[in-house]
**Student:** 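Structure in structure tokens, see below.
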Protein chains: 2
Amino acid sequence: MKIDPTSKSDLSAQIAKSIRDAIISGDMIVDERLPSESELADQFDVSRPTVREALKRLAAQNLIRTQRGATGGAFVRRLSYDEARAQHVTTSTLLLSMNAVDFQTACEARYALERACAPLSAQRRTPDHLATMRAEIHRQSQPGLSDEGFCDSDVAFHRALVDGAGNPVLSYQLGGAVEAMQPLMNMITFTQRNRDRIVELHTAIANAIEANRPHDADAALSELTAYTLTLGEQVMAARVARKG
Amino acid sequence: MKIDPTSKSDLSAQIAKSIRDAIISGDMIVDERLPSESELADQFDVSRPTVREALKRLAAQNLIRTQRGATGGAFVRRLSYDEARAQHVTTSTLLLSMNAVDFQTACEARYALERACAPLSAQRRTPDHLATMRAEIHRQSQPGLSDEGFCDSDVAFHRALVDGAGNPVLSYQLGGAVEAMQPLMNMITFTQRNRDRIVELHTAIANAIEANRPHDADAALSELTAYTLTLGEQVMAARVARKG
DNA sequence: GTGAAAATTAATGTCAGACAATTGAGAGCC
DNA sequence: GGCTCTCAATTGTCTGACATTAATTTTCAC
């Protein structure tokens with residue numbers, strides 16, 4: 001294996017790319033062991049620290065895991081749904097916080113995605129999913145619940161709704177999106193929101209899911225969208241009023 | 001700043017986490033310069049190579065960029081939509097290829113997501129989006145087009161549909177999903193598919209988007225979903241037949 | 001005085017070699 | 001056979017050095 005010395009990018013970036021390509025293309029399979037750091041250093045004709053930097057890049061993307069000891073080394077790692085979702089949440093959170101996304105855009109995206117899986121959830125949710133939704137609704141109606149607790153419960157409720165569709169790929173995609181956006185939306189709206197109203201809408205959603213009435217679920221989600229948007233506008237108006 | 005020496009994880013992982021938290025929490029803002037590697041080494045009481053491994057981890061997640069030279073260093077990087085989507089595509093591709101996702105599940109997730117934004121696209125698409133869709137349809141109907149070219153065009157068509165919703169957050173979420181799944185689906189189905197049929201369905205979608213008829217767009221996408229699922233079943237049947 | 005060339009400097013990028021820590025495997029003993 | 005002990009392989013970390021890059025400052029010819 002060779003590395004292009006005329007390339008502008010770092011050696012460690014090139015080596016990481018080379019190995020990443022091998023993994024993505026299927027040349028290396030899950031749990032396969034990579035050559036040791038010394039061997040890689042020889043193969044790529046670089047020093048061991050450079051190889052290590054490359055391996056750390058891959059580790060940061062959950063592509064490999066490393067083990068110390070005699071039979072240790074770096075191994076191709078199976079990316080689990082949970083890890084993938086965690087990565088998705090991190091990326092989405094950063095994207096939103098760094099790009100001044102306006103509230104309406106985030107809100108629209110979040111509910112558009114969620115409504116995509118509500119019909120499937122109505123059709124296939126297990127009693128477990130439904131029980132989780134009911135439990136979270138109950139938690140949300142406790143007066144002593146903190147704002148953080150309410151937000152967590154909100155995320156858990158919507159996650160149960162998404163998981164109810166019984167499609168892990170969908171759960172990964174939407175779960176990541178909802179988990180990233182819900183806290184941001186709660187941070188904006190918690191000053192203005194009426195918990196009773198949200199509990200009411202959540203109950204409507206749960207009822208529709210329980211009765212396998214996709215259309216009702218969609219309608220309830222529409223109302224929740226509209227209510228959230230209204231909250232956003234109220235917060236904006238309050239901010240303008242304070243400044244003026 | 002200090003690092004817990006009793007923790008099981010690597011020093012470089014701990015340092016990376018510490019800096020990452022500072023960025024996510026907003027303690028460090030975009031384009032802010034991190035201390036130099038030597039300074040970080042002093043602050044965390046580790047050697048420079050260890051700091052460098054930590055920085056490479058962050059670079060792999062597009063959280064920082066580095067610059068050489070006198071005024072160089074590591075800077076907090078603004079995560080762009082394109083980079084975020086690229087990361088999302090990479091993660092999704094890996095997840096799908098490593099977890100033996102069955103065709104039906106992937107197909108269902110992909111079209112559920114796409115149908116979520118079709119109504120918005122019908123309402124808001126610009127002439128540009130429509131022109132892109134028409135151009136890709138035309139390209140797909142050229143007899144000389146290679147399988148790879150057809151797949152690329154397919155992705156471009158669906159991406160235009162998603163972008164037509166005019167919501168960058170939605171484009172990031174769905175674009176990533178579609179771009180990751182479409183090639184996999186094409187890889188499976190290209191032996192069986194009928195290009196004319198796909199062009200026909202794409203045209204129906206474009207017509208519905210042009211006429212702002214969300215319901216028609218949804219129906220056409222449903223048909224495309226059903227057709228794709230049929231293809232998947234045919235491929236499976238063919239495989240069984242070969243083996244038996 | 002001014003402008004271009006050269007030295008300075010501060011930072012990342014890379015290398016070589018060493019030692020520490022961990023862990024599985026096999027030898028040796030009972 | 002089962003237990004312990006040593007050993008060897010591998011990753012984790014450190015030290016110190018040099019190379020490379022690029023902005024800044026200085027020098028010096030004009």
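In what follows, every chain begins at residue 1, and chains take the letters A, B, ... in the order their sequences are listed.
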**Student:** Mind checking whether A:E108 and A:T105 have side chains closer than 4.5 Å, heavy atoms only?
**Tutor:**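 With C-beta onward as the side chain, the pair stays apart.
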**Student:** Look at the aromatic rings of B:Y172 and B:H88 and report parallel, tilted or perpendicular, splitting at 30° and 60°.
**Tutor:** tilted
**Student:** Assuming nearest nucleotide by heavy-atom distance, tell me which of B:S36 and B:P49 is located more 5' along DNA chain C.
**Tutor:**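 First, find each residue's nearest nucleotide; the 5'-ward one identifies B:S36.
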**Student:** Taking only side-chain N and O atoms of B:R52, does any of them lie within less than 4.0 angstrom of OP1 or OP2 on C:dT12?
**Tutor:**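 It does not, given that no N or O in the side chain of B:R52 lies less than 4.0 Å from OP1 or OP2 of C:dT12.
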**Student:** Any ion pair linking B:R65 and B:E32 (charged N to carboxylate O, less than 4.0 Å)?
**Tutor:**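 So B:E32 does not pair with B:R65 through a salt bridge.
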**Student:** Indicate yes or no: does A:K56 engage A:E53 in a salt bridge with an N to O separation below 4.0 Å.
**Tutor:**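 Salt bridge flag = no for A:E53 with A:K56.
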**Student:** If the cut-off is 4.0 Å, is A:T50 near the phosphate of C:dG13, judged by side-chain N/O to OP1 or OP2?
**Tutor:** no
**Student:** For a 4.5 angstrom cut-off between non-hydrogen side-chain atoms, does A:K17 reach A:R20?
**Tutor:** yes
**Student:** If you take any heavy atom closer than 4.0 Å to DNA chain D, which residues from residues 61-76 of chain B end up in contact?
**Tutor:** B:R68, B:G69, B:A70, B:T71
**Student:** Please enumerate all residues that pass side chain to side chain donor-acceptor pair (under 3.5 Å) together with A:D147, with sequence neighbours excluded.
**Tutor:** A:R195
**Student:** If I take atom CD in residue A:E37 and atom P in nucleotide C:dT14, what distance separates them, rounded to the nearest angstrom?
**Tutor:**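 In whole Å, C:dT14 P and A:E37 CD are 16 Å from each other.
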**Student:** With a strict under 4.0 Å distance from non-hydrogen atoms of chain B, what nucleotide opens and what nucleotide closes the contacted stretch of DNA chain D, reading 5' to 3'?
**Tutor:**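 Range of nucleotides within reach of chain B: D:dG12 to D:dA23.
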**Student:** Using 4.0 Å as the upper bound for N to carboxylate O, is an ion pair formed by A:D31 and A:R77?
**Tutor:** no
**Student:** Quick one: B:L11 CG to C:dA21 P, roughly how many Å, whole number?
**Tutor:** 12 Å
**Student:** Heavy atoms, side chains only, cut-off 4.5 Å: are A:L34 and A:V76 in contact?
**Tutor:**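 Sidechains of A:V76 and A:L34: in contact.
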**Student:** What I want to check is whether an N or O donor and acceptor connect the side chain of A:R48 with the base of C:dG17 at under 3.5 Å.
**Tutor:**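 Such a pair does not exist between side chain and base.
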